[in-house]
Protein chains: 2
Amino acid sequence: MAAALQLLAESGPEGFTVRAIARRANVAPMAIYNHFDGKNGLLDAIWTEGFTILQREMAPIGQDPKDELLRSGIAYRKFALEHRSHYTVMFMNRFVGFTPSIAAAYVATRAFQELVNHIHRCQSVGMFPDIAADNLAQMLWAACHGYISLEILDINFAEDRDKTFLQFLSGVERGFDVLAL
Amino acid sequence: MAAALQLLAESGPEGFTVRAIARRANVAPMAIYNHFDGKNGLLDAIWTEGFTILQREMAPIGQDPKDELLRSGIAYRKFALEHRSHYTVMFMNRFVGFTPSIAAAYVATRAFQELVNHIHRCQSVGMFPDIAADNLAQMLWAACHGYISLEILDINFAEDRDKTFLQFLSGVERGFDVLAL
DNA sequence: TGAGGTATAGAACAGTGTTCTATACTTTTC
DNA sequence: GAAAAGTATAGAACACTGTTCTATACCTCA
């Protein structure tokens, strides 16, 4: 697993081959089939680990719903930048033959639910009154994912990336928040 | 080229193999090397064609900058849905060994510039006063791409997708538009 | 009619994920 | 402690991939 993440970080999906991973882990290629059910099984394990971490990072800490929503967006980006290999597997769709297992998809929806909960808490104080929480969650997620996937691919020309993302995130959230208007 | 797009639409990047394309086009695999410089050359041709169409679709028609900006967003989505194969090559990063040629990248930046121009026109009537046009263009593009890439992958559970996208687009644009606040 | 360039089929090469086989090891059971 | 059962191992093998090579066929144009 460590070898796989290492290799992914170093040389991307191109270098992510069963033989290379096995070589890096000082192990036979067959071991990946015994322990992970092949390449897709290994990707499934990385996916699950990633979403487990992401859910933890996105969970609320403080009390103010609006602050917490913003913080969860920042946490999402922080996760992506600090766990690029995980993020690539989870969100970048770079592995052609891979679709997550049912169990892995479940872990993912649980992480997504964390965002829905943030929005519910916001709605309980009057924000986002005219929109379904799931719908808004999907929109915010899509927007952040779009922004960050470009950043991961290094297609971002902002000078201060942290600041620009904060500008982006608060801009997007404000657009849906009727209280701010 | 038609065979390649057909195959891509039917079975995605998995079915996009040199041999399969050649078979579909009733042609020898070698032909793809003679005419397109291999698989990546073929992808490059699809990429270029796609961005040429996209630029045309995003060009302004009417006079009101704000309306035109919104319309260009809708045109972007329309392009993605009607040219899924092109969009996959251009934006989905599903082809591991492929990076566009310099010429192809130039065509892409020209299409992106069309969005920057929209924003310039908006700024000439007072919208988006406190943000660099390139920066905002990148944000809007990222948000739309994030949303639409999920829709292309069929990860969208809205009932009325057209309406939900419009809600998304106007929400995001409103968030950056100080005049609407 | 003849020469030059090009498309062709088909084999070949190195690489991929995966499967198979026989060997080695580790654990459990008597 | 010894025998049996289960599992990890290495290494070859299979079908596939993109790509390259070679000799043959064809088409165009002087």
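By convention in this document, chain letters (A, B, ...) are assigned in the order of the sequence lines, proteins followed by strands, and residues within each chain are numbered from 1.
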With a 4.5 Å limit on heavy-atom distance, are the side chains of [X] and [Y] in contact?
| X | Y | value |
| --- | --- | --- |
| A/Leu5 | A/His83 | no |
| B/Phe36 | B/Ile21 | no |
| B/Phe79 | B/Phe51 | no |

Rounding to an integer number of Å, can you tell me how far [X] [atom1] sits from [N] [atom2]?
| X | N | atom1 | atom2 | value |
| --- | --- | --- | --- | --- |
| A/Asn40 | C/dT18 | CG | C1' | 11 Å |
| A/Asn34 | C/dA24 | CG | C1' | 14 Å |
| A/Phe95 | C/dT16 | CZ | P | 14 Å |
| A/Lys39 | C/dG15 | NZ | C1' | 12 Å |
| B/Arg19 | C/dC13 | CZ | C1' | 11 Å |
| B/Asp37 | D/dG18 | CG | P | 15 Å |
| B/Phe98 | D/dG18 | CZ | C1' | 15 Å |
| B/Tyr33 | C/dA9 | OH | P | 15 Å |

Quiz prompt | Plane angle bin for A/Phe16 and A/Phe95 - parallel if under 30°, tilted between 30 and 60°, otherwise perpendicular | solution =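 A/Phe95 and A/Phe16: perpendicular rings.
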
Quiz item: Going by the angle between their ring planes, with limits at 30° and 60°, are A/Phe165 and A/Tyr147 parallel, tilted or perpendicular?
Solution: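 It falls in the tilted class, 30° to 60°.
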
Of all the nucleotides listed ([options]), which has the minimum atom distance to the side chain of [X]?
| X | options | value |
| --- | --- | --- |
| A/Val18 | C/dT8, D/dT20, C/dG17 | C/dG17 |
| B/Met30 | C/dG17, D/dT19, C/dG10 | C/dG10 |
| B/Ala28 | C/dA9, C/dT8, C/dT18 | C/dA9 |

Quiz item: Start at the 5' end of DNA chain C and walk down; is the nucleotide closest to B/His35 or to A/Arg23 reached first?
Solution: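 In this pair, the answer is B/His35.
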
Practice problem: For B/Phe16, report the nucleic acid contact type (base, sugar-phosphate, nothing); a contact means any heavy atom under 4.0 Å. | Solution: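 B/Phe16: backbone/sugar contact only, no base atoms under 4.0 Å.
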
Quiz item: Which residues, if any, of residues 3-14 of chain B bring a heavy atom under 4.0 Å of DNA chain D?
Solution: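 When residues 3-14 of chain B is checked for heavy atoms under 4.0 Å from DNA chain D, there are no hits whatsoever.
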
Quiz item: Would you say B/Val96 and B/Met92 are hydrophobically clustered, going by side-chain heavy atoms of ILVMFWY under 4.5 Å?
Solution: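 Cluster IDs for B/Val96 and B/Met92 differ.
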
Exercise. Apply salt bridge (charged side-chain N to carboxylate O under 4.0 Å, His left out) to A/Asp67 and A/Arg121, showing your working.
Key: CA-CA 11 Å; A/Asp67 289 352; A/Arg121 275 187 287 269; over 6 Å; no

